[in-house]
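Below is one structure, written out as structure tokens, with a few remarks after it.
If you're wondering where the values come from, they're calculated on a predicted model, not measured in any experiment.
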Amino acid sequence: MNIISNKTIKPKIIHFESITSTNTYLMEQGKRGADTWTVVIADSQSGGRGRLGRSFESQNNSGLYMSILLRDVSGFEPSILTVIASVCISRAIEELTGLTMSIKWVNDIYYCGKKVCGILTEGAFENNSLSYAVIGIGVNISVPENGYSDSIKDIAGSVFDSYSTELRDKLASLIVQYLYECTNNYDHGSIYSEYVKRSCIIGKIVEVYGNGEPYNAKVKDIMNDFSLKVVKSDGTEIALKSGEVSLKM
Ligand code: BTN
């Protein structure tokens, strides 16, 4: 595994050919005291997990499946780490491909209307403060040999024409490097403006899934705290902190 290791960042890289979920493994390792910037990469996952209890398809030779453990992050909420990660991943993909990525609030990266990356940030709390966080990143590098499964084939896209472990590791390395820079020297203004610039959701009608019945709303803005300001059909404005919105195409 050839991930950058320079004087400012010395990630500990753990590689698996196959694992259930890099996030599940690393959350467990976090409990056992694993170091900050431990990075786990798997060639495939049999139980890749997404947000809201969904699964994340993780076939062999087609994606980057990576989790990163961060300690000393009590200044960040997990949702902000997801936002920072989405900017860093977009930057890294754009640098290697020359393509422009879009971010769908809050944790998905899209290219040409297809989802190419999902992020799952999980945190362990002690005395109400974040003890460590695991940022899980799944990037569809290329279409799997036998295609995506029926359940995602209409919504999944990829960012390269073909897959190699060298390419995957280069992408992983860039993401880790950007994440290190952005979390160690957090600049809210530049992360906010990069996030908003890439947002593909402002001005669109979305379906909002919260605690009650789903409803349609128009996205007005992404606020300074990264909440999503939407306007309901009766004119009421709501700032969504989390939850799920689906784009009405
Ligand atoms: C989502 O789309 O809701 C988030 C998907 C996150 C997938 C990544 S792949 C590496 C890491 N391990 C997991 O089980 N999930 C994350």
Side-chain angles (χ1 to χ4, degrees), residues 1-5 11 13-26 37-51 54-69 82 84-104 106-121 134-180 182 194 198 200:
M1 188 71 35
N2 182 23
I3 294 234
I4 211 156
S5 174
I13 315 294
I14 302 171
H15 170 252
F16 289 95
E17 280 179 11
S18 180
I19 194 168
T20 316
S21 155
T22 54
N23 260 43
T24 305
Y25 173 82
L26 201 47
W37 295 101
T38 299
V39 176
V40 178
I41 295 182
D43 297 343
S44 66
Q45 298 182 115
S46 55
R49 298 188 287 111
R51 283 177 76 236
R54 297 192 183 121
S55 62
F56 185 82
E57 194 163 308
S58 314
Q59 297 194 48
N60 205 13
N61 289 335
S62 69
L64 167 65
Y65 315 117
M66 169 167 78
S67 298
I68 303 164
L69 176 74
T82 298
I84 298 172
S86 67
V87 168
C88 293
I89 297 162
S90 300
R91 273 191 206 168
I93 296 174
E94 289 174 359
E95 191 171 320
L96 294 179
T97 62
L99 307 173
T100 301
M101 298 298 118
S102 300
I103 299 175
K104 197 199 110 205
V106 58
N107 70 321
D108 291 335
I109 299 178
Y110 273 65
Y111 174 64
C112 281
K114 305 272 183 185
K115 176 169 167 173
V116 296
C117 170
I119 304 161
L120 173 67
T121 304
V134 168
I135 305 176
I137 297 165
V139 181
N140 298 333
I141 290 188
S142 66
V143 179
E145 204 179 331
N146 296 315
Y148 293 109
S149 67
D150 284 350
S151 59
I152 62 163
K153 69 176 189 313
D154 295 332
I155 50 167
S158 56
V159 288
F160 290 96
D161 292 334
S162 61
Y163 172 92
S164 71
T165 49
E166 290 73 26
L167 184 58
R168 177 199 64 183
D169 293 350
K170 209 165 162 186
L171 179 61
S173 172
L174 260 188
I175 293 171
V176 171
Q177 219 179 312
Y178 281 137
L179 206 52
Y180 182 82
C182 290
E194 276 198 56
R198 292 192 178 89
C200 59

Kindly indicate whether the side chain of Arg91, heavy atoms from C-beta on, has any atom under 4.5 Å from the side chain of Cys182.
-> yes
What distance do Ile135 atom CD1 and Cys88 atom SG have between them, rounded to the nearest 0.5 Å?
-> 8.5 Å
For Lys114 and Asp154, which heavy atoms make the closest approach, and how far apart are they?
-> NZ-O, 2.9 Å
Name of the residue among Thr121, Ile175, Thr82 meeting side-chain contact (heavy atoms from CB on, under 4.5 Å) with Ile137 = Ile175
Which is it for Asn61 and Glu145 under the side-chain contact (heavy atoms from CB on, under 4.5 Å) test, yes or no, and what are the steps along the way?
-> CA-CA 8 Å; Asn61 289 335; Glu145 204 179 331; 5.8 Å; no
Report yes or no: does Asn107 contribute a side-chain atom to a donor-acceptor pair with the main-chain N or O of Ile119 at less than 3.5 Å?
-> yes
Side-chain ion pair, Glu166 and Lys170, N-O less than 4.0 Å | no
Any sub-3.5 Å donor-acceptor pair from Glu57's side-chain atoms to Ser149's backbone N or O?
-> yes
Return the minimal non-hydrogen interatomic distance between Gly48 and Ser58, and the atom names on each side.
-> CA-OG, 4.0 Å
With rounding to the nearest 0.5 Å, note down the distance linking OG1 in Thr22 to CG in Leu26.
-> 7.5 Å
Would you give the length of the straight line joining atom CD1 of Ile109 to atom NZ of Lys104, rounded to the nearest 0.5 angstrom?
-> 12.5 Å
Distance (rounded to the nearest 0.5 Å) between Ser102 OG and Asp108 CG = 11.5 Å
Give the intermediate values and the outcome of side-chain contact (heavy atoms from CB on, under 4.5 Å) for residues Ser90 and Ile103.
-> CA-CA 8 Å; Ser90 300; Ile103 299 175; 3.8 Å; yes
Check: Gly147 main-chain N/O paired with Gln59 side-chain donor or acceptor under 3.5 Å | yes
Using a 4.5 Å cut-off on heavy atoms from C-beta on, say whether the side chain of Ile155 contacts that of Tyr148.
-> no
Do Asp43 and Arg168 come close enough that some side-chain heavy atom pair is under 4.5 Å?
-> yes
Rounded to the nearest 0.5 Å, what's the gap from CZ on Phe16 to OG on Ser44? Could you check?
-> 12.0 Å
Answer yes or no: is there a side-chain heavy-atom contact under 4.5 Å between Trp37 and Leu179?
-> yes
Has the side chain of Tyr163 got a donor or acceptor atom that lies under 3.5 Å from a matching backbone atom of Leu64?
-> no
Residue that, paired with Glu94, satisfies side-chain contact (heavy atoms from CB on, under 4.5 Å) out of Leu99, Thr100, Val159 | Thr100
Here the pair of heavy atoms bringing Ser162 nearest to Leu167 is O-CD2, 3.6 Å
What pair of heavy atoms forms the shortest contact from Gly136 to Asn23, and how long is it?
-> CA-OD1, 3.0 Å
Donor-acceptor contact below 3.5 Å, side chain Asn140 vs main chain Gly157 | yes
Quick one: pull up NZ in Lys115 and CD1 in Ile152 and give me the separation to the nearest 0.5 Å.
-> 9.0 Å
Within-4.5 Å side-chain heavy-atom neighbours: Tyr25 and Ile14 = yes
